[in-house]
Amino acid sequence: MRVAVVGASGRTGTEVVREAQERGHRVTAVVRDRERLGDLRPDQVAVTDGRDAEALAAAFAGVEAVISCVGPVKGEDVQVQSAITEAVLHAAASAGVHRCVVVSASGWLVDGDDPLGRYLAKPILARVLREENAAFAETERLVREAGLAWTIVRPPMLRDGTARGSYHQRRDGNVRWRYSIRRSDLAVALCDLLVDQTAVRKVVSVAA
């Protein structure tokens with residue numbers, strides 16, 4: 001499958017590019033700065049501002065699916081996340097790409113949470129991360145309203161490090177008693193869900 005990874009030079013995006021290529025997918029890395037790819041060798045590279053829907057549509061030409069790994073970046077306007085998501089969705093539709101997997105987060109919701117998360121941790125974080133949580137909510141709204149074969153993936157806290165080799169998923173709420181996932185394991189989950197027809201138009205929480 002030909003897959004475009006938006007945010008491919010980020011810590012999650014690089015793991016997704018590696019995992020997708022290991023599975024035999026041909027990957028187009030969509031980035032703002034080619035130099036940030038380092039030693040990563042995607043099959044193609046498209047350098048563009050993620051908010052430029054026209055440029056993104058050109059990058060998506062011939063692509064069969066898109067994985068968006070864009071999230072809030074410290075020091076940047078939190079609205080950038082939803083702005084890029086909106087551009088990605090419009091570009092995918094314009095390019096005739098129907099399959100779209102979008103990374104969100106589980107931290108802004110309490111559905112399915114254990115008591116520790118629901119009544120202690122999340123209320124505190126909700127006050128501290130009010131703007132970030134609103135950005136995730138807006139991102140998910142945009143995805144749900146898009147006429148695409150979308151999947152929203154909600155991980156908890158992201159960590160770096162070697163993959164543990166397994167993860168848990170849940171489709172009716174957050175994964176209970178699981179508070180983090182390594183980016184390399186998230187990449188595995190994203191590539192699994194990309195080809196899982198039962199995940200189309202579903203929200204999937206994942207954790208390790």
Side-chain angles (χ1 to χ4, degrees), residues 5-16 30-33 36 48-53 55-56 66-92 100-146 148 150-160 169-183 185-187 189-190 193 201-208:
V5 178
V6 180
S9 61
R11 287 184 292 171
T12 299
T14 56
E15 297 291 348
V16 174
V30 181
V31 297
R32 288 187 296 180
D33 182 358
R36 290 190 59 196
T48 179
D49 186 320
R51 294 164 291 189
D52 187 338
L56 286 172
V66 173
I67 300 177
S68 177
C69 302
V70 176
V73 176
K74 188 175 182 179
E76 291 192 2
D77 185 346
V78 295
Q79 301 305 320
V80 169
Q81 179 185 359
S82 57
I84 292 176
T85 299
E86 185 171 26
V88 166
L89 296 170
H90 283 302
C100 191
V101 178
V102 177
V103 177
S104 180
S106 65
W108 65 284
L109 296 160
V110 297
D111 296 346
D113 273 345
D114 52 78
L116 178 62
R118 179 183 289 268
Y119 299 114
L120 181 60
K122 293 287 182 73
I124 296 172
L125 291 173
R127 291 192 293 271
V128 176
L129 302 174
R130 184 179 295 105
E131 292 185 353
E132 289 82 353
N133 290 348
F136 281 121
E138 175 62 9
T139 293
E140 292 200 8
R141 183 191 68 79
L142 291 167
V143 175
R144 288 174 185 270
E145 293 181 357
L148 302 174
W150 54 263
T151 300
I152 294 171
V153 183
R154 293 174 177 165
M157 181 186 298
L158 298 179
R159 299 187 182 277
D160 296 320
Q169 66 166 279
R170 185 177 176 186
R171 303 187 183 189
D172 61 347
N174 292 334
V175 180
R176 291 171 67 89
W177 303 111
R178 305 281 175 172
Y179 307 116
S180 68
I181 188 170
R182 295 188 180 185
R183 297 174 194 275
D185 288 315
L186 174 58
L190 292 169
L193 293 167
R201 293 185 175 272
K202 302 290 185 182
V203 178
V204 184
S205 292
V206 297

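Predicted model, so just to flag it, every value in this text is computed and none were measured.
- With rounding to the nearest 0.5 angstrom, the SG atom of C69 is 10.5 Å from the CD atom of E15.
- In this structure, the salt bridge (Lys or Arg N to Asp or Glu O under 4.0 Å) partners of R170, at least two apart in sequence or on a different chain, are D172.
- Heavy-atom minimum distance, D52 versus A87: N-CB, 4.4 Å.
- Residues S9 and V31 come closest through the heavy atom pair N-CG1, 3.6 Å.
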Set out, in order, the CA-CA distance, both residues' side-chain angles and the distance that settles side chain to side chain donor-acceptor pair (under 3.5 Å) for T12 and R183, then state yes or no.
CA-CA 5 Å; T12 299; R183 297 174 194 275; 2.9 Å; yes
Does V203 form a side chain to side chain contact (heavy atoms under 4.5 Å, CB included) with W150? I'd like the steps, not just the answer.
CA-CA 9 Å; V203 178; W150 54 263; 4.2 Å; yes
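- To the nearest 0.5 angstrom, E131 atom CD is 7.5 Å from Q79 atom CD.
- Around the CZ atom of R32, the shell of radius 6.0 Å holds no more than 12 heavy atoms that belong to other residues, nucleotides or ligands.
- Heavy atoms from other residues, nucleotides or ligands lying under 6.0 Å from CZ of R11 number 12 at most.
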Does V30 form a side chain to side chain contact (heavy atoms under 4.5 Å, CB included) with V5? I'd like the steps, not just the answer.
CA-CA 6 Å; V30 181; V5 178; over 6 Å; no
Run the numbers on V206 and D185 for side chain to side chain contact (heavy atoms under 4.5 Å, CB included), then give the verdict.
CA-CA 9 Å; V206 297; D185 288 315; over 6 Å; no
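- Atom-to-atom distance recorded for L89:CG and R144:CZ is 13.0 Å, nearest 0.5 angstrom.
- In this structure, CZ in R141 is found 7.5 Å from CD in E86, a value given to the nearest 0.5 Å.
- Atoms CG and CD1, on L142 and I84 in that order, are 12.5 Å from each other to the nearest 0.5 Å.
- Considering CE of M157 and OG of S106, their distance stands at 10.0 Å, rounded to 0.5 Å.
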